Amino acid sequence: MTSSHEQDPEILPDAEEEANLPDEDSPVILERDPIDQTLPLFNDAAFQNLCHVAEMFQDREKARIREEEELEEKRRRFAEERAEMHRQYVFEVAKAYALELHSEQTQKQSKDDEEEEEEEVENGKSRFDDAKKAIKKRRRYSRSSSSVVDSSSIELNMMTTKKTAPMLTELCVRALAENSGAIKSLYLVPDHLRKKISSLVSDLSRVDKGFVKLLVDDSPCEVFVKNCVDLEENDLTQILSGCDRARLEVLNLDLCGRAMTENAITEFLKLSPSGFPSLTRLSLQGAFCLTDNALALVSKSAPLLRVVNLSDCSLLTFQAVKILADCFGSTLRGLDIGGCQGIKPSDVFRNSLSRFEKLNSLSVAGLEGIHDVVVGFCTSRGSSLTDLSLASCVGVNDGTLWTVGRYCPNLEALDISELDNLTDASLKEITDGCRSLNSVKLNRNRFSDEGVAAFLEVCGGSLNNLCLNNVREVGQETAISLAKYCKRLHYLDLSWCRKLTEEELRRIMSCCSLLRSLKLFGWTQVGEEFLEDLSRSEVNIVGLKMSSLFAHPDDSYPSVGAKCF
């Protein structure tokens, strides 16, 4: 009996199909579709991106190789220039040494070197001594051609400088000051503009009763008048009684000698018993009628006073300092009694001054015989001082400055003008002890050129204001230090420094790019061409030939106590 498969021919496989069937034990091999065999591994976009990346890496490699070649070229040139400079320096040193070897000054110079070494052993090394010694060596071996090489670039810098036009606000303020008599009101004018207008009117000597009334109207917080010579007692009483004293914080009535009397203050307190409850700063400079009793009345009427300027009040005595110490011993921050000839050194004065616990600014300029008072105050309270003026104090010497340098490390402003007893030792003490100085006045002193230059090399980087008026020995070394280290200077006074040359001044002006004001009174060693260059500079040049002193008011140059007074 046969199976159904054998009887039905339709379902039996053909012989050819059986031959093509794979064996059960053999592996199965799948044939690739002919269409799939023609497709690439990457499409066109991917290939283009790959080419772009390759080109980018190739360009970067070329740029890197180019930079390395340029850097190598710069190094080669720098090495050649350095070798040339070294050869030139060796030549100059050898030349100077050969000249010294056959000169008569060899013994003198060796003695100076020995004295310097002995001084360093005795006093210990200091930055000032190191700088001064380096300056002497620089002067000995300096090349005379250096100033000639630099002059062309300095002249080019000055020629390309252009003055900027004044601001509209400045022009309007000047116009108002010149026509102050026609001003009807300063209503809504802010305090800082009132101060500018008042300053200009004071310079023009046009301050009268009517103008001061304009300033106190509209309840300002600050009244600033620095030329009140025309005010009378009754005028001052009416003006002070009519202002809003509850808002008034700053009162500046300089040169109010005829008006500021004990009688005027008494009458004012009768009309206004509350006085000045908010007043914090008071300036009565030049009030020659102000007495100790009048100052006592003022002190009681202003309990919040923090800064007091009584300079050139000739009737005040040491009792005035005691009155201020009794009222403001623990709160007063600024005190100016410079020029008060009635204040003589005494135990009461010394003890009263030492009672000011938080005094930051002190001026005793022009007082005689206060060496011991200053030494005692600096020893006890010097750590809090930031501003100090000892100008024209007869008796102040190097010992006084030693105390200042040792006990006043936080000084920012120092005025030691017109002190005949000071030497370079004083510069050493303030250089090594006072590292925060930004304003210094050295007028009419006998400091050497090397001493001033060494001071500037150490402290010049922080200076904003520097006055070297009539320091006769200032010359080439000071000019080099000014140009190299004093990059932050805003105000510079070189009046009567006649050892400085035109080329050195060009170098200073070119290097001190932040300079705003430069005083050059007494300069006769400059030519007309240089004066023409100066006229095109943005720096405010004061004291040029044929210019009036009154054409340049001094308020642009800040004083030592400018922050307080």
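Along the sequence shown, residues are numbered consecutively beginning with 1. Since this is a predicted model, take the numbers as computed values, not measurements.
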(request) Using the six-membered ring of F128, assess whether NZ or CZ of K428 lies under 6.0 Å from its centre and within 45 degrees of the ring axis. (result) no
(request) Assess whether atom CZ of R406 is packed by more than 12 heavy atoms of other residues, nucleotides or ligands within 6.0 Å. (result) no
(message) Any salt bridge linking E473 with K499? Criterion: basic side-chain nitrogen under 4.0 Å from a carboxylate oxygen.
(response) yes
(request) For R194 and L215, indicate whether the former's side chain and the latter's backbone hold a donor-acceptor pair under 3.5 Å. (result) yes
(message) Can you tell me how far apart CH2 (W523) and CG (L518) are? Round to the nearest 0.5 Å.
(response) 8.0 Å
(message) Does K344 have more than 12 heavy atoms from other residues, nucleotides or ligands lying within 6.0 Å of its NZ?
(response) yes
(request) Answer yes or no: is there an ion pair linking R127 with D130, defined by an N-O contact shorter than 4.0 Å? (result) no
(request) For the pair R333 (side chain) and S361 (backbone), establish whether a donor and an acceptor sit closer than 3.5 Å, ignoring hydrogens and angles. (result) no
(message) Test of understanding: with side-chain hydrogen bond (donor to acceptor under 3.5 Å, both in side chains), list the residues that count as partners of S299, not counting sequence neighbours.
(response) none
(message) I need the N421 CG to H371 NE2 distance, nearest 0.5 Å.
(response) 10.5 Å
(request) May I ask you to check whether N293 and T291 show a side-chain donor-acceptor distance below 3.5 Å? (result) no
(request) Please round to the nearest 0.5 Å and tell me the distance separating atom CG of D312 and atom CG of L255. (result) 8.5 Å
(request) Begin from the C-alpha positions of S392 and E418 and carry the test side-chain hydrogen bond (donor to acceptor under 3.5 Å, both in side chains) through to its verdict. (result) CA-CA 5 Å; S392 304; E418 301 184 18; 3.2 Å; yes
(request) Please answer whether the main-chain N or O of S426 pairs with a side-chain N or O of E429 as donor and acceptor at a distance below 3.5 Å. (result) no
(request) Check whether any side-chain N or O of S311 sits under 3.5 Å from a backbone N or O of I337 as a donor-acceptor pair, and report yes or no. (result) no
(message) Check K322 with D292, please: is the shortest side-chain N to carboxylate O separation under 4.0 Å?
(response) no
(message) Quick one about D398 and T423 (side-chain donor to acceptor, distance below 3.5 Å, no hydrogens or angles considered), yes or no?
(response) yes
(message) Contact between L324 and L295 at the side-chain level, heavy atoms closer than 4.5 Å - yes or no?
(response) yes
(message) Return the CE to CG distance between M260 and L290, rounded to the nearest 0.5 Å.
(response) 7.0 Å
(request) Inspect the contact between R444 and D420 and indicate whether a charged nitrogen and a carboxylate oxygen are less than 4.0 angstrom apart. (result) no
(message) Within the structure provided, determine whether L500 and V474 are in side-chain contact (heavy-atom separation under 4.5 Å).
(response) yes
(request) Using modelled atom types only, decide if a donor and an acceptor are shared between the side chain of D449 and the backbone of T478 within a distance under 3.5 Å. (result) yes
(request) Could you check whether the rings of F276 and F268 sit parallel, tilted or perpendicular, using 30° and 60° as the cut-offs? (result) parallel
(message) Using only atom types and a distance under 3.5 Å, with no angle test, would you say the side chain of S510 pairs donor to acceptor with the backbone of R507?
(response) no
(request) Taking side-chain hydrogen bond (donor to acceptor under 3.5 Å, both in side chains) as the test, write out the residues that go with E502, two or more places apart. (result) R506
(request) For the pair K441 and D493, find out whether any cationic side-chain nitrogen is under 4.0 Å from an anionic carboxylate oxygen. (result) no
(message) Under a 3.5 Å distance rule, please check whether D424 uses its side chain to pair with a backbone N or O of S448 as donor and acceptor.
(response) yes
(message) Any donor-acceptor pair under 3.5 Å linking the side-chain atoms of N360 with those of T386?
(response) no
(request) For D336 and S363, test the side chains for any donor-to-acceptor distance below 3.5 angstrom and give the result as yes or no. (result) yes
(message) Whether the side chain of N445 engages the backbone of L442 through a donor-acceptor N/O pair (distance < 3.5 Å, no angle test) should be reported.
(response) yes
(message) Test your reading of the model: is there a side-chain donor-acceptor pair from S352 to the backbone of V348, 3.5 Å cut-off?
(response) yes
